[in-house]
Number of protein chains: 2
Amino acid sequence: METRVHKVRSDVRRHRVTINDVARELGMTKSTVSRALNGYPDISESTQLRVREAAQSLGYRPLANAQAIRTGRLRAIGLVLQLNEHDRHRPFLADFLAGISEAASAADWTITVATATSDEDTLRLLCKLADEHKADGFIVPRTLWDDRRVTFLREAHVPFVLYGRTGNSDGCAWFDIASETATQNAVELLHDLGHRRIGFIPGGRQYTYSRLRLEGYKAGLKRVGIPFDPDMVSRSALNPDEGGEAVVQLLSLKQPPTAIVSSIDRAALGAYAAARKCGLQIGSDISLISYDGIEEGELMTPALTTFSADVHLAGVRLTELLIKRINGVPPEALRELRPATFVARQSHGPMTRTPEEIAAIVSRAKNKVEEKQ
Amino acid sequence: METRVHKVRSDVRRHRVTINDVARELGMTKSTVSRALNGYPDISESTQLRVREAAQSLGYRPLANAQAIRTGRLRAIGLVLQLNEHDRHRPFLADFLAGISEAASAADWTITVATATSDEDTLRLLCKLADEHKADGFIVPRTLWDDRRVTFLREAHVPFVLYGRTGNSDGCAWFDIASETATQNAVELLHDLGHRRIGFIPGGRQYTYSRLRLEGYKAGLKRVGIPFDPDMVSRSALNPDEGGEAVVQLLSLKQPPTAIVSSIDRAALGAYAAARKCGLQIGSDISLISYDGIEEGELMTPALTTFSADVHLAGVRLTELLIKRINGVPPEALRELRPATFVARQSHGPMTRTPEEIAAIVSRAKNKVEEKQ
DNA sequence: CCACTTGCCGAAACCGGTTTCGGAACCTTG
DNA sequence: CAAGGTTCCGAAACCGGTTTCGGCAAGTGG
């Protein structure tokens, strides 16, 4: 046995064990071997057993590519990642990939990935991978509200599953984390701590999550009886710099917020320096609650309170859903919403200053800066 | 469910243009079409042209899996990533993948990835992907000095290319960035700035780079005429916490360093807080030069001086080398070493304090901490 | 004018599998 | 014991390509 395995290994290139080898060894035809290994009912139990044992001991592994040309099933899931200059820094990529790979391996599937640099590029690669049948179906990450990938895959009748929701979800299977609920909870929590002016920093406009989190913010306000004020919503922010600008925008209002809810952690990271520049300290002077759960949040002072999304789990579930979808389960039966996890750290707390006090501090800080110049 | 599967399948089949469709359209046999498209010399120029045009206009795309069962070539490169709990936080994964994907796409190849959680898992997946021929060759990232992946791939006669060097490089193609030279340069630079006691924080022991950087450190010392002192080499550090501990270890010496060279940025990030705890400020009281070029380094105060490795380029070159290797180029001709880029920021500077002064400050800071307790 | 290349393409085998079809052996049943 | 039904497997077609082989027609040399 030991030597046999070793032999197989060193012979990978020269000659692998084929179904014909197994058939010859057993004195059967390859059709019988094939049906036995695939559990067809017209092969007797005893024969199936014999074939399985022989295949095992010979180290036979069917070639997925060869199977695919007849069955049309490669047992590969496709993934096209868009890594813009913009969000090249994807904190969750490793976790996400690990989740997908874990679930795929468990089902004996593999992953085909490609990376793209723009929307067009993404669509082109998706189209190419589908055309050349490099994958049986696709995981579509970071859904947009109006997503051309979805349109394409739907029309091409290629199975897919979305990470996130989208505008028209006809025929879509999806997995998502209820960030709108998290955002709503953040507002309610801040209200319970005495805050009445609560600002909001949206994420990238085109993404579905951005829409949902804004809705969650509004739902939270409604729930606690605070009227919605458009001024309390800043420009959208996708990185620390933009996050900082958003915070400055909110704090420069005549009636600035005493607490801020940020759509994404990356933007919230920029809030610290921006607030400091305005003479305020996150956590003590002004509260901040964000969403995502990136590692860096924990290293900030004070550490960032956030709602954490389990991206590893997302990868696992998306893969399981996609495999089911490829096996013919209707998309309507493959939709899953999970809650985010609240990670209470030190960037939020009871209201300590009124909007008026904050406005005064900010104005004083601004004058100081101007004096220096 | 059964009917649905059949429907999908027939749908896919309906869409796909096969080589037979092209042949029928042209009134030729598929063998002629195949040879024409593959540029065989026994097909006339004019026929080749006609076939190419017809294939183009019909939208024919050969199925890589179908080609592979005869040619044995899938045009897919394999990548098994080990994402330990430990270094799940891989800052370069996105860049690395993007580089690989870019080069693979350009050559019309695809990528098959899998992630593993341990050395054994990595080896198992590598073996499985090779056995089932899911890829024509592999990129092996993060080489160890004694690397079982290399042993396996070599014995199995599977083409591969290493990202990094290894103990026994017989039959190995590789790409690497000369971090040993960078480390040496760091030492020389610090010497030029007046530093004479220069500490070193090694990375993960089993990795080849760790060995090389230590050698670079020693080479730098030798070059400038400083005798090597084993005490100047701390325990190895792979993350901010361990980096902090390493710094404390060095600063607690009777003759502490006035400058520190760190093997990896992640460890250097922890140096800031650790130095502060010892009463010292990075950049002004003590110099720090690191290696990697991660984004976070720029956000530190003062920003981290480091040698940056172009991981995107690494992905591109590794892919190009691997494809050549698979095409039969001997591994000895596929070895490439590139320099790292020096990124001068604010964490290093002229020597401002002697080792004795530093020792005094550290000892005072320690007493203070003890008093508080 | 005939033998001999040479250029070019069709026919068929092949790759490693899956799937359809048909028939032999066995079992039931009347 | 004949008729009919089951069980189980072999033969052959098939999937979408590649590659080998051979032959026809045109060109070339003697």
Side-chain angles (χ1 to χ4, degrees), chain A residues 11-51 54-55 58-76 131-134 136, chain B residues 2 5-6 9-51 54-55 58-76 108 131-134 136:
Chain A
D11 279 3
V12 162
R13 191 184 53 96
R14 207 176 57 193
H15 200 62
R16 51 183 11 271
V17 180
T18 73
I19 195 170
N20 282 311
D21 298 328
V22 179
R24 197 178 316 117
E25 179 78 16
L26 288 165
M28 308 197 261
T29 62
K30 63 176 182 174
S31 63
T32 306
V33 174
S34 172
R35 278 172 296 166
L37 290 177
N38 291 321
Y40 275 57
D42 66 342
I43 302 294
S44 70
E45 289 284 337
S46 60
T47 303
Q48 293 208 9
L49 201 67
R50 276 211 309 151
V51 171
L58 289 176
Y60 169 66
R61 288 258 182 88
L63 222 50
N65 330 320
Q67 297 179 304
I69 83 174
R70 183 71 219 251
T71 62
R73 292 268 297 280
L74 204 50
R75 287 195 323 202
D131 255 25
E132 302 182 357
H133 199 95
K134 296 283 191 172
D136 299 316
Chain B
E2 194 58 27
V5 168
H6 280 290
R9 200 181 290 164
S10 66
D11 231 347
V12 167
R13 193 178 299 173
R14 193 188 55 189
H15 272 305
R16 165 148 289 111
V17 180
T18 72
I19 195 170
N20 283 311
D21 298 328
V22 180
R24 199 178 313 116
E25 179 77 16
L26 288 165
M28 308 196 266
T29 61
K30 63 176 182 174
S31 63
T32 307
V33 174
S34 171
R35 277 172 298 167
L37 290 176
N38 291 322
Y40 274 57
D42 65 344
I43 303 293
S44 71
E45 289 283 337
S46 61
T47 303
Q48 293 207 10
L49 201 66
R50 278 208 310 149
V51 171
L58 288 176
Y60 168 67
R61 289 256 184 86
L63 221 51
N65 355 337
Q67 296 180 304
I69 82 173
R70 184 70 220 249
T71 63
R73 292 271 228 73
L74 249 184
R75 289 195 323 198
D108 203 25
D131 256 22
E132 301 182 357
H133 199 96
K134 298 281 191 172
D136 299 316

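In the text below, chain A, chain B and the rest are named by the order of the sequence lines, each starting its count at 1.
Per the geometry, CD belonging to Glu132(A) stands 11 Å off P belonging to dG17(D), to the nearest Å. The distance from atom CG of Leu37(A) to atom C1' of dT18(C) is 12 Å, rounded to the nearest whole Å. The separation between Gln67(B) atom CD and dG16(D) atom P is 13 Å, rounded to whole Å. Taking atom CG of Leu58(A) as the reference point, atom C1' of dG16(C) lies 16 Å away to the nearest angstrom. Here dG10(C) presents its C1' atom at 17 Å from CZ of Arg24(B), a figure rounded to the nearest Å. The distance from atom CG of Leu74(B) to atom P of dG16(D) is 17 Å, rounded to the nearest whole Å. One interatomic measurement links the two molecules: CG of Asn38(A) to C1' of dG17(C), which rounds to 10 Å at whole-angstrom precision.
The side chain of Ile69(A) lies closest to dG16(D) when the candidates are dG16(D), dG17(D), dT18(C). Distance from the side chain of Arg70(A) is smallest to dC15(D) among dC15(C), dC15(D), dT19(D).
Side-chain N/O atoms of Arg35(B) and base N/O atoms of dG17(D) include no donor-acceptor pair closer than 3.5 Å. Asp42(A) contributes no side-chain N or O that forms a donor-acceptor pair with the base of dC8(D) under 3.5 Å.
Side-chain N/O atoms of Ser44(B) include one lying less than 4.0 angstrom from OP1 or OP2 on dC9(C). Neither OP1 nor OP2 of dC8(C) sits under 4.0 Å from any side-chain N or O of Tyr40(B). OP1 or OP2 of dC9(D) has not a single side-chain nitrogen or oxygen of Thr29(A) nearer than 4.0 Å. Between dC8(D) and Thr32(A), no contact under 4.0 Å exists linking OP1 or OP2 to a side-chain N or O.
More than 12 heavy-atom neighbours from other residues, nucleotides or ligands sit within 6.0 angstrom of CD on Glu132(A).
Arg61(B) comes within contact range of the sugar-phosphate backbone alone, with a heavy-atom separation under 4.0 Å but no base atom that close. Thr18(A) comes within contact range of the sugar-phosphate backbone alone, with a heavy-atom separation under 4.0 Å but no base atom that close.
Positionally, the nearest nucleotide of DNA chain C for Gly27(B) lies more toward the 5' end than for the other of Ser31(A) and Gly27(B).
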Enumerate all atom pairs, one protein N or O and one N or O from nucleotides 24-28 of chain C, separated by less than 3.5 Å.
none

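Residue pairs that meet the salt bridge (charged side-chain N to carboxylate O under 4.0 Å, His left out) test with at least one member in residues 28-49 of chain A, sequence neighbours left out, are Arg35(A)-Asp42(A).
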